[in-house]
Amino acid sequence: MKTRINRLDADARTVDVTFSAGGVKHRRPVNACFDGKGAYDEKATRARIAEVARGVQAKIDRGIIA
């Protein structure tokens with residue numbers, strides 16, 4: 001699974017991510033993470049994207065996302 005992370009949409013508090021695997025591309029927003037002071041937490045957001053990627057991969061494997 002390859003992921004391409006685009007810029008943060010601070011208003012929506014999301015990052016747009018393109019997931020690619022086996023010739024299938026799936027693009028969706030992923031909720032961004034922020035620390036206790038309200039600052040964008042890139043490391044935590046990358047971890048969240050990795051979690052979402054596992055779910056996207058499972059859906060691609062089952063043909064739910066094609």
Side-chain angles (χ1 to χ4, degrees):
M1 168 73 53
K2 291 184 181 182
T3 58
R4 186 179 58 149
I5 303 167
N6 300 301
R7 351 184 354 200
L8 169 69
D9 180 338
D11 292 332
R13 298 176 64 91
T14 61
V15 289
D16 190 56
V17 182
T18 302
F19 301 92
S20 304
V24 176
K25 285 188 178 182
H26 177 68
R27 184 175 170 187
R28 62 161 284 188
V30 174
N31 290 331
C33 297
F34 295 84
D35 65 18
K37 295 180 181 179
Y40 174 59
D41 186 333
E42 184 177 354
K43 184 177 178 181
T45 300
R46 287 184 178 276
R48 176 170 285 163
I49 290 167
E51 292 170 355
V52 171
R54 285 191 290 277
V56 170
Q57 183 67 59
K59 290 176 182 175
I60 290 172
D61 292 344
R62 288 169 180 76
I64 296 167
I65 296 174

| Which heavy-atom pair separates V24 from A66 by the least distance, and what is that distance? | CG1-C, 3.9 Å

| Straight-line distance of H26 NE2 to I64 CD1, nearest 0.5 Å | 11.0 Å

| said: Test your reading of the model: is there a side-chain donor-acceptor pair from R48 to the backbone of N31, 3.5 Å cut-off? | reply: yes

| note | In this structure, CZ of R27 is separated from CZ of R4 (nearest 0.5 Å) by 7.0 Å

| Can you name the nearest heavy-atom pair linking S20 to K25, along with the distance? | OG-CG, 3.5 Å

| message | Could you tell me if the side chain of V15 sits less than 4.5 Å from the side chain of T45, heavy atoms only? | response | yes

For residues 5-13, run the donor-acceptor check on the side chains, cut-off 3.5 Å, and write out each pair with its distance to 0.1 Å, sequence neighbours left out.
residue, atom, partner, partner atom, Å
N6, ND2, D16, O, 3.1
N6, ND2, D16, OD2, 3.4
D9, OD1, D11, N, 3.1
D9, OD1, A12, N, 3.0

| remark: Y40 and A32 have their tightest heavy-atom pair at CE1-CB, 3.9 Å

| query | Which residues pass the salt bridge (Lys or Arg N to Asp or Glu O under 4.0 Å) test with R28, sequence neighbours left out? | reply | none

| Would you find a donor on one side and an acceptor on the other, under 3.5 Å apart, between the side chain of R46 and the backbone of E42? | no

| query | Does F34 reach the side chain of D41, with side-chain heavy atoms less than 4.5 Å apart? | reply | no

